[in-house]
Amino acid sequence: MTARRSGPLRGTVRAPGDKSISHRALILGALAHGVTEVEGLLEGEDVRRSAAAMTAFGAKVERLGEGRWRVEGKGGFSEPADVIDCGNAGTGVRLIMGAMAGFRLNATFTGDASLRGRPMNRVLNPLGEMGATWICREGGRLPLTLRGGGLRHIAYTVPVPSAQVKSAVLLAGLHAEGGVEVIELEATRDHTERMLRAFGAQVDVTEESPRRHIVLPGGQSLGGTRVRVPGDPSSAAFPLVAALVTPGSEVTVEGMLLNALRIGLLDTLGEMGADLSVTNIREEGGETVADVTARHSALEGVTVPPERAPSMIDEYPILAVAAAFAEGPTVMRGIGEMRVKESDRIALMAAGLAACGVGVEEGPDSLTVVGSVRGNHGVAGGARVTTHGDHRIAMSHLILGLASEEPVAVDEPGMIATSFPGFVDLMRTLGGEIEA
Ligand code: S3P
């Protein structure tokens, strides 16, 4: 798939449903007693895998219409008859392992080549302290078989900033004797805490910035509810940055989630001089959403504060693209977690940008994009970029291609459907020239 230099991008679009919230809606719906109706669910591959997994664990999951899903939970999981294949989804497998660990049953998990290469120890360690057991490949890799049940209370300090680890422990804690406590040294996305409350659970959070202490008392059960999934800021980032770097553009993304723990990218782009406006701020289903408009801007390089990383961890690839069109260097530090995402995103962004003529410096947990020396529209492009099947690496380089001098191609564009199935159509609607 190839993106080429395009005229002004213009229009108003909706971002697809938030991936993090979509996974959680299905999993909590399956853990709950009764019916959960979900609106605006992301129908990407990752979330569909979680839907199939919830069926395998005994819930009744039905698609009622576009983005409208019904989950009927039994208040617990039963043993699946086959292997649970979570595809590319780290969030799916880690949260489902946590949820499943509360029940006395065995389940075997696997995923695609990327997921089978990712570390699961970060979730298995606390689940093991609670009493779960497993057998897995070297280094805590999938496939693995987990045996749950009989869990005890722990007070767990999450060693790396990870909402997936925090969420796995909280979901396991629902069925642990005495509940569970989680201490975060840096705050990460709080969708699990918010959604547990929406499903009727008590979750007490004490903030001592940047630390958060979360207490989930034991002996709680969840009741089905309605969930309205807001637009994913991690997906909205692509059309918004495309507008910032393509001359003459103005693009509005409606209904974007504005959770403070997810919008570090907006702060960073603002510091770079981006012309962004946030309007129509409203509350929807326990989250703040808004319409966000981006206009083509003369960007300047910045140093991103490392403590901002958890609030934009999935957005560094597209930030690196914005930085390629900015004047002066953009320094991103404290981003080592990017190396254990769907791919090693520091390495692949450094390689892809370098192949497109952008100056980059890669460190163990940092990436510096030197920025354009030829003004705001001076990225050469003209490369075919290796994505290792990573959806965000593919989308980032296609956005780069919309504003670079020569076209940019990506391998494995099919993987974009894991998080943003309508990406190419949406970008074409705005005027982006992307060819299959
Ligand atoms: C997610 C948490 C983040 C993020 C991922 C979604 C979640 O991962 O990168 O795309 O929904 O909890 P980590 O928990 O590994 O930081």
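Atoms within each ligand, like the ligands themselves, are counted from 1 in listed order. These figures come from a predicted structure and were not determined experimentally.
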Dump the intermediate steps for salt bridge (Lys or Arg N to Asp or Glu O under 4.0 Å) on Arg282 and Glu284, then the final yes or no.
CA-CA 6 Å; Arg282 57 208 187 263; Glu284 269 181 26; 3.2 Å; yes
Checking side-chain contact (heavy atoms from CB on, under 4.5 Å) for the pair Met338/Asp365: CA distance, chi angles, key distance, verdict?
CA-CA 8 Å; Met338 278 183 71; Asp365 68 347; over 6 Å; no
Given the rule in the salt bridge (Lys or Arg N to Asp or Glu O under 4.0 Å) test, do Glu66 and Arg63 qualify, once you have shown the distances and angles that lead to the verdict?
CA-CA 8 Å; Glu66 202 187 323; Arg63 183 178 190 266; 5.9 Å; no
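Of the protein's non-hydrogen atoms, Arg24 NH2, 2.7 Å is the one closest to atom 12 (O) of ligand 1. At the top of the distance list for atom 14 (O) of ligand 1, counting protein heavy atoms only, stands Ser162 OG, 2.7 Å. Annotation: atom 10 (O) of ligand 1 to nearest protein heavy atom, Asp314 OD2, 2.6 Å. Atom 6 (C) of ligand 1 has its closest protein heavy atom at Thr91 OG1, 3.2 Å.
Between Phe238 and Phe420, the ring-plane angle classifies as tilted under the 30° and 60° cut-offs.
Contacts between His191 and ligand 1, counted as non-hydrogen atom pairs separated by less than 4.0 Å, are absent for every part of the residue. Residue Lys341 touches ligand 1 through its side chain alone, judged by heavy-atom distances below 4.0 Å.
Using a distance-only test at 3.5 Å, with no hydrogens or angles considered, no donor-acceptor pair links the side chain of Arg308 to the main chain of Val304.
For the pair Gln164 and ligand 1, the shortest N or O to N or O distance falls below 3.5 Å.
Near Ile313, meaning under 4.0 Å from one of its heavy atoms, ligand 1 places the atoms 9 (O). Residue-ligand proximity, Ala163 to ligand 1, at heavy-atom distances under 4.0 Å covers atoms 12 (O), 14 (O).
For residues 169-178, the set of pairs meeting the side-chain hydrogen bond (donor to acceptor under 3.5 Å, both in side chains) definition, not counting sequence neighbours, is empty.
Within the 4.5 Å cutoff, side-chain heavy atoms of Pro119 are placed close to those of Arg141.
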